[in-house]
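Structure first, then comments.
Order of the sequence lines fixes the chain letters, A, B, ..., with proteins taken first and strands second; residue numbering starts at 1 for each chain.
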There are 2 protein chains.
Amino acid sequence: MTAGRPSILVIEDDAEIRRVLKVGLGHKDYRYLEALTAREGTTEVSTRNPDLIVLDLGLPDLDGLQFLKELRKWSKIPVIVLTARGKEKDKIKALDSGADDYLTKPFGMGELLARIRAALRRSAERHGGDAEPVFESGDLKIDFVRRQVFVKGAEVRLSPMEYRLLTYLARHAGQVLTQKQILKDVWGAAYVEKNLYLRVHMHQLRHKLEADPAQPRWLVTESGVGYRLRSE
Amino acid sequence: MTAGRPSILVIEDDAEIRRVLKVGLGHKDYRYLEALTAREGTTEVSTRNPDLIVLDLGLPDLDGLQFLKELRKWSKIPVIVLTARGKEKDKIKALDSGADDYLTKPFGMGELLARIRAALRRSAERHGGDAEPVFESGDLKIDFVRRQVFVKGAEVRLSPMEYRLLTYLARHAGQVLTQKQILKDVWGAAYVEKNLYLRVHMHQLRHKLEADPAQPRWLVTESGVGYRLRSE
DNA sequence: GGGCAAATTTAACAAAACGTTAACATCGGA
DNA sequence: TCCGATGTTAACGTTTTGTTAAATTTGCCC
């Protein structure tokens, strides 16, 4: 909501986790809403119009994934997904279905709050409408108009593919992107299986942009999932 | 004049008026081009890419107004319209359709020349952004008013095409321009596929301007994309 | 309008950049 | 310690860009 505090809808069947989240979120910065099932979640979303959703993938009635897919047909509300450890497949499927970020249980409240802040910030920028003509984070700078990339003020020369890949990551800065998503959007739908392309080009980008390519500061890999361009 | 004069396309069916304009325009300051019909005018525009158009509204085949509307879908070339006395309605419609100025017949040559100068100046300003009369970067200097180019203070002779290409790059200095963009704006819309023209002329420009043409300092290529004139 | 010089357009070929691929190394979790 | 996922490197083939010179067109003076 534009006025007052942002509202966060938690869709979660486990009472213990709900209790923790209610305490952690509802106190001062956010308005806390909750739903115990996907069905209930759907009505909550359409009647309360929350600013962000925290969704547990292991729901009793309807699969959380199914809920997400349905939601994405008509809404772009940011969704942070909670998964049980080891359910890597579900996590990736959720991201591919339009989730913005994920957290593996058990998680710390501090981390969840940080990810909520990041997602809300990205969402606000998206709504700001005008696509920023430059991206800046630390000493990495991308000028989309001039098609130039700088590290510490010095221009870096990128190939067409490298530039495409980097700008794609930058436009979704801070967000986890699955390998499939990246390949689909940067190379094209026919290339979703070509993970090697991504590895090689990511390596080249790190080589050109990172001070220490072995310890990347911006182009971080989310093992088992994909990559993320860290912002600031 | 080392770099060619602005070219003006006159679209006019009346032979007498054409004769007057040819004498008045074609003599020294401008290159005179002509077309007798709107159809002919369209091909002239797309193949010769003139700097300005003088258009008679009373054409035999297609209405001059119609021509103007079609033209404005793909080109911003300044157009000065000629109307017969009393056809006020047409005049207004022409301005609404994208004409830059108008003149009522009969008109004096002096007035037409003044309006042409004004329109060309406005057009140059539009393209240059700021109305800078000179471009300077390192020891490369372009005087847009005198149409002269200097390297380390010594004047360099450029062909008309070379000059057009260089000034186009200079007016977008620092920005990467795709081959298509350059071809469309420098050669004309009919030439967007003629990449070879661009390669050859770029080579000639480098030969004339760069200290080491193999390691260009200003006229850099953005592989897979296009070219860019680096500024300081 | 003919003829000359300059400019542009072609064509053929060379060089460089790029994407793709394979083979192998390394890392991190079970 | 094993295995899958990710990182690294170099080579290959293709596409893009550069180079040169010749053919054609254009502008222009007479």
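Between B:Arg115 and B:Glu111, at least one side-chain nitrogen of the basic residue sits less than 4.0 Å from a carboxylate oxygen of the acidic one, meeting the salt-bridge criterion. The existence of a salt bridge linking B:Arg117 and B:Asp101 is excluded, since no basic side-chain nitrogen approaches an acidic carboxylate oxygen closer than 4.0 Å.
The side chain of B:His201 lies closest to C:dT8, out of C:dT21, C:dT8, C:dA11. Nearest to the side chain of A:Met161, among D:dT8, C:dT10, C:dG19, sits C:dG19. Of the listed nucleotides (D:dG18, D:dG7, C:dT20), D:dG7 has the atom at the smallest distance from the side chain of A:Thr221. Among the nucleotides C:dC18, C:dT10, D:dG18, the one closest to any side-chain atom of A:Ser159 is C:dC18.
Counting to the nearest Å, the C1' atom of C:dT26 and the CZ atom of A:Arg206 are 13 Å from each other. As rounded to whole Å, 9 Å separates atom P of C:dA17 from atom CZ of A:Arg157. Regarding B:Leu205, its CG atom lies at a distance of 17 Å from the P atom of D:dT17, rounded to whole Å. One can place NE2 of A:His203 at 16 Å from C1' of C:dT21, the figure rounded to the nearest angstrom. Straight-line distance from the NZ atom of B:Lys194 to the C1' atom of C:dA7: 17 Å, rounded to whole Å. Atom CG in A:Leu219 sits roughly 15 Å away from atom P in D:dT6 (whole-Å rounding). Between the NE2 atom of A:His207 and the P atom of D:dA10 there is a distance of 11 Å, rounded to whole Å. If you measure from atom CG of B:Leu196 to atom C1' of D:dT19, you get 11 Å, rounded to the nearest angstrom.
Looking at heavy-atom distances under 4.0 Å, B:Gln179 makes contact with sugar-phosphate atoms alone, never a base. Across all strands, B:Tyr227 comes closer than 4.0 Å only to sugar-phosphate atoms, never to a base (heavy-atom distances).
Within a 6.0 Å radius of NZ in B:Lys208, other residues, nucleotides and ligands contribute more than 12 heavy atoms.
Close to C:dT9, at under 4.0 Å from its OP1 or OP2, lies a side-chain N or O of B:Trp187. The phosphate of C:dT10 has OP1 or OP2 within less than 4.0 Å of a side-chain N or O from B:Tyr197. In terms of phosphate contacts, B:Arg5 brings a side-chain nitrogen or oxygen within less than 4.0 Å of OP1 or OP2 of D:dC28.
B:Ser159 places a side-chain N or O within donor-acceptor distance of the main-chain N or O of B:Glu162, the cut-off being under 3.5 Å. A distance-only check finds no donor-acceptor pair linking the side chain of A:Arg206 to the backbone of A:Ala214 [under 3.5 Å].
Judged by closest nucleotide on DNA chain D, B:Glu222 is the one of B:Val200 and B:Glu222 placed further toward the 5' end. Comparing B:Ala214 and B:Arg48 by the nucleotide of DNA chain D that holds the closest heavy atom to each, the one mapping nearer the 5' end is B:Ala214. Each of B:Gly224 and B:Gln204 was assigned the nucleotide of DNA chain C with the nearest heavy atom; the assignment lying further toward the 5' end belongs to B:Gln204.
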